[in-house]
K.L.:
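Before anything else, here's the structure in question.
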Amino acid sequence: MSIVTRFAPSPTGFLHIGGARTALFNWLYARHHGGTYRLRIEDTDRQRSTKEAIDAIVEGLKWLGLDWDGEIVFQFARAQRHAEVARELLAAGKAYYCYCSAEELDQMREAARAAGKPVRYDGRWRDRDPKDAPAGVKPVIRLKAPTTGETIVHDKVQGEVKVANDQLDDMILLRSDGTPTYMHAVVVDDHDMGITQVIRGDDHLTNTFRQLQIYQAAGWEAPSFAHIPLIHGADGAKLSKRHGALGVEAYREMGYLPEALRNYLLRLGWGHGDDEIISTEQAIQWFDLDAVGRAPSRFDFAKLDNLNGHYIRETDDARLAREVAERLGRAGDATLLARLQAGMPGLKARAKTLKELAENAKFYAAARPLTLDDKARGQMTPEARGVLTALRAALAGAANWVAADLEALARGFAEAKAVKLGQVAQPLRAALTGATTSPPIFEVMQVLGRDETLGRIDDCLTA
RNA sequence: GACCCCAUCGUCUAGUGGCCUAGGACAUCAGCCUCUCACGUUGAGAACACGGGUUCAAAUCCCGUUGGGGUCGCCA
């Protein structure tokens, strides 16, 4: 049987990091098994679902490179089908009308809580004659769930998990307005879409018991389940906006590469021996549910940064130059693009994010005269200016404007002056980059070219 | 509160009864490299939550405790 997985987010907000990982695992599992991976938008909550959220989710998935098969399924569009199944269950005696009001239900919950008893519907309409129905009240349809025995989930990650049926109440399938509840819609859709493997967050584990009861009532074969542990914030608490429950577009803005985020997310809750750097191709080859851990993990930006730095160094210079030019607001500037690309080898070893990369590349994009930062200005002592003046004269006669020759020239110059190379290089760095740290300065000179280099030195000397 | 899940260095993890004086990675600290900062590289410190069992042998199996998390909606 061919594998079918799905990612089913509700469009009530952006695609957060936990959702992204769930999508990744579903995608990897399907690709690994040569199956199908589908996307379903769970928009049955009309109040909270928004077009913006749908767009953010779709864009986020595309950016992450998690392409889905077939058309997107919108759950709300299937409301008729959900109602139909609920009515079939009703006709088969597997469900019943319940006329309880919201107030009545609230009282029931209050009383149970006060008495220290489990909070659940007491089934008062379960066996009551429909003739008792109060006039003018639109009923909900509830599942007539088993009251004895137990319901067992054979979870691919959590193992065998069971609960006594008397712990579960008769859940609502169809609301009084005729729309389906989440529990019901999920089951009907997963069945109709032929989903064979459900992979979702741990928070759905206890919901699974109830969903299993619907499968049983409908006489359908349930899919296999795998509940993956949640991702927590750096402090171990539930992920909140403050720690990293950001939309994936926020990670994009912060300068993370999709391949780095994929690698990081993969290693959160899944392992393959001592492997850390795992390409997507390898991930597809290796990924399976048996290696998914059962403990929740914490989101760690330091590790993501390290991974991202690795992927940046692996990325080709042209792509990086384009990213930087775009971040600098100069996407179409061919001259800048060429210069950035030439300077990229020295730049990319020094950045953990594209944002940092762009920040470090600013001096290549800056127009003369440069503004030196405080530390750089501090290095422009009278002695340093003297060294620079003499060096400038020596530089003017350089035959080949290439890094190696320029370095040799500078070394010879320093030796002749009986100063350390650093005493030459640092003032040069300040003049050329406006900072005290930068890529190797002779590489910078080559990238900048003779005229720009000499010009920047002159700017400093005459200032 | 009831029910369910989880528990190895600060963090992510390897480990499926002997190969564990517990391995790797990130982070931290120290050294090397060096024109700065990085990259790279070498090394150091750092963990089986606790208490009982089972067994010749337990990080690995069982029970309990503690601690974390999740669910209990006419939300998803």
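Letters A, B, ... are given to chains in the order of the sequence lines, protein chains preceding strands, and every chain is numbered from 1.
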K.L.:
Is B:rC32 paired to anything, Watson-Crick or G-U wobble with both distances less than 3.5 Å, and if yes, which nucleotide?
P.N.:
B:rG40
K.L.:
Examine the base of B:rA25 for any acceptor or donor lying under 3.5 Å from a partner atom in the side chain of A:Lys303, and report the outcome as yes or no.
P.N.:
yes
K.L.:
On RNA chain B, nearest-nucleotide positions of A:Gln75 versus A:Val163: which is more 5'?
P.N.:
A:Val163
K.L.:
Honestly, is A:Arg21 close enough over A:Phe25, meaning NZ or CZ under 6.0 Å from the six-membered ring centre and within 45° of the axis?
P.N.:
yes
K.L.:
Any side-chain to backbone donor/acceptor pair from A:Arg319 onto A:Thr315? Under 3.5 Å, distance only.
P.N.:
no
K.L.:
For A:His204 and B:rC72, what is the distance between atoms NE2 and C1' respectively, to the nearest whole Å?
P.N.:
15 Å
K.L.:
Once hydrogens and angles are ignored, does a donor-acceptor distance under 3.5 Å link the base of B:rG70 to the side chain of A:Asp202?
P.N.:
no
K.L.:
Does B:rC26 have a Watson-Crick or wobble mate here (both distances under 3.5 Å), and if so which one?
P.N.:
B:rG10
K.L.:
My understanding is that a pair needs two contacts under 3.5 Å, Watson-Crick or G-U wobble. By that rule, which nucleotide pairs with B:rA49?
P.N.:
B:rU65
K.L.:
Between B:rG70 atom P and A:Ile228 atom CD1, what is the distance in whole Å?
P.N.:
15 Å
K.L.:
Scan A:Ser297 against the nucleic acid and name what it touches under 4.0 Å (heavy atoms): base, sugar-phosphate only, or nothing.
P.N.:
sugar-phosphate
K.L.:
Contact class for A:Thr44 (heavy atom, under 4.0 Å): base, sugar-phosphate, or nothing?
P.N.:
sugar-phosphate
K.L.:
Nearest to the side chain of A:Glu276 - B:rG24, B:rC5, B:rU13?
P.N.:
B:rG24
K.L.:
With heavy atoms under 4.0 Å as the rule, sort A:Lys348 into base, sugar-phosphate or nothing.
P.N.:
nothing
K.L.:
In whole angstrom, what separates A:Leu307's CG from B:rA27's C1'?
P.N.:
14 Å
K.L.:
Look only at the side chain of A:Asp43 and the backbone of A:Gln75, and say whether a donor-acceptor pair between them is shorter than 3.5 Å.
P.N.:
yes
K.L.:
Which part of the nucleic acid, if any, lies within reach of A:Gln167 when heavy atoms closer than 4.0 Å are counted: base, sugar-phosphate only, or nothing?
P.N.:
sugar-phosphate
K.L.:
Cation over ring, A:Arg46 on A:Phe76, under 6.0 Å and within 45°?
P.N.:
yes
K.L.:
Measuring to OP1 and OP2 of B:rC72, would you say a side-chain N or O of A:Arg109 lies under 4.0 angstrom away?
P.N.:
no
K.L.:
Whole-Å distance between B:rC74 C1' and A:Arg46 CZ?
P.N.:
16 Å
K.L.:
Taking atom CG of A:Leu421 and atom CD of A:Gln423, what is their separation to the nearest 0.5 Å?
P.N.:
9.5 Å
K.L.:
Identify the nucleotide, in any strand shown, that forms a Watson-Crick or G-U wobble pair with B:rG1, with both distances under 3.5 Å; if there is none, say none.
P.N.:
B:rC72
K.L.:
How is A:His227 classified with respect to the nucleic acid when contacts are heavy atoms under 4.0 Å: base, sugar-phosphate, or nothing?
P.N.:
nothing
K.L.:
Could you give the distance separating B:rG17 and B:rU55 at their C1' atoms, to the nearest angstrom?
P.N.:
9 Å
K.L.:
Treat primed atoms plus P, OP1 and OP2 as sugar-phosphate and everything else as base, then score nucleotides 29-49 of chain B 5' to 3': B for base contact with protein heavy atoms under 4.0 Å, S for sugar-phosphate contact only, - for none.
P.N.:
------BBBBSS---------
K.L.:
Is there a donor-acceptor pair closer than 3.5 Å between any side-chain N or O of A:Arg429 and the backbone N or O of A:Pro439?
P.N.:
yes
K.L.:
Who pairs with A:Tyr182 by ring-ring contact (aromatic ring centres under 6.0 Å, His included), at least two apart in sequence or on another chain?
P.N.:
A:His204
K.L.:
What distance, rounded to whole Å, do you find between the two P atoms, one in B:rG24 and one in B:rA14?
P.N.:
15 Å
K.L.:
With rounding to whole Å, what would you report as the distance between B:rU34 and B:rA47 at their P atoms?
P.N.:
36 Å
K.L.:
Calculate, to the nearest 0.5 Å, the distance between atoms CG and CE belonging to A:Leu406 and A:Met445 respectively.
P.N.:
4.5 Å
K.L.:
Looking at A:Tyr121, is A:Arg142 sitting on its ring face, NZ or CZ under 6.0 Å from the six-membered ring centre and within 45 degrees of the normal?
P.N.:
yes
K.L.:
Distance check, P atoms only: B:rA59 and B:rC9, in whole angstrom units.
P.N.:
15 Å
K.L.:
From the options B:rG24, B:rA76, B:rG69, select the nucleotide whose nearest atom is closest to the side chain of A:Asp45.
P.N.:
B:rA76
K.L.:
What interatomic distance, in whole Å, is found between C1' of B:rA58 and the corresponding atom of B:rC19?
P.N.:
15 Å
K.L.:
Look at the side-chain N and O atoms of A:Thr181 and state whether any lies under 4.0 Å from the OP1 or OP2 oxygen of B:rG73.
P.N.:
no
K.L.:
Between A:His82 and A:Arg78, is there a donor-acceptor pair closer than 3.5 Å when you use the side chain of the first and the backbone of the second?
P.N.:
yes
K.L.:
Within the structure shown, what part of the strands sits under 4.0 Å from A:Gly269 by heavy-atom distance: base, sugar-phosphate, or nothing?
P.N.:
sugar-phosphate
K.L.:
Taking the same atom, C1', in B:rG45 and in B:rG51, what whole-Å distance lies between them?
P.N.:
29 Å
K.L.:
Can you figure out which of B:rA76, B:rG24, B:rC5 approaches the side chain of A:Leu205 most closely?
P.N.:
B:rC5
K.L.:
Could you state the atom-to-atom distance from CG of A:Leu304 to C1' of B:rA25 in whole Å?
P.N.:
14 Å
K.L.:
Quick check on RNA chain B: between A:Asp300 and A:Cys98, whose nearest nucleotide comes earlier from the 5' end?
P.N.:
A:Asp300
K.L.:
Please report the distance, rounded to the nearest Å, between CZ in A:Arg21 and C1' in B:rC12.
P.N.:
11 Å
K.L.:
Hey, does the side-chain of A:Thr206 have a donor or acceptor N/O within less than 3.5 Å of a partner on the base of B:rC3?
P.N.:
no
K.L.:
Under 4.0 Å from OP1 or OP2 of B:rU13: is there any side-chain N or O of A:Arg267 that close?
P.N.:
no
K.L.:
Just checking A:Asn207: base, sugar-phosphate only, or nothing, at a heavy-atom cut-off of under 4.0 Å?
P.N.:
base
K.L.:
Does the pair A:Asp190/A:Arg38 count as a salt bridge with the N-to-O cut at 4.0 Å?
P.N.:
no
K.L.:
Expressed in angstrom and rounded to an integer, what is the separation of A:Ile278 atom CD1 from B:rC12 atom C1'?
P.N.:
12 Å
K.L.:
In whole Å, what separates the C1' atom of B:rG15 from that of B:rU8?
P.N.:
9 Å
K.L.:
Distance check needed: B:rC4 C1' versus A:Leu168 CG, whole Å only.
P.N.:
11 Å
K.L.:
How far does the P atom of B:rG52 sit from the matching atom of B:rA30, given to the nearest Å?
P.N.:
41 Å
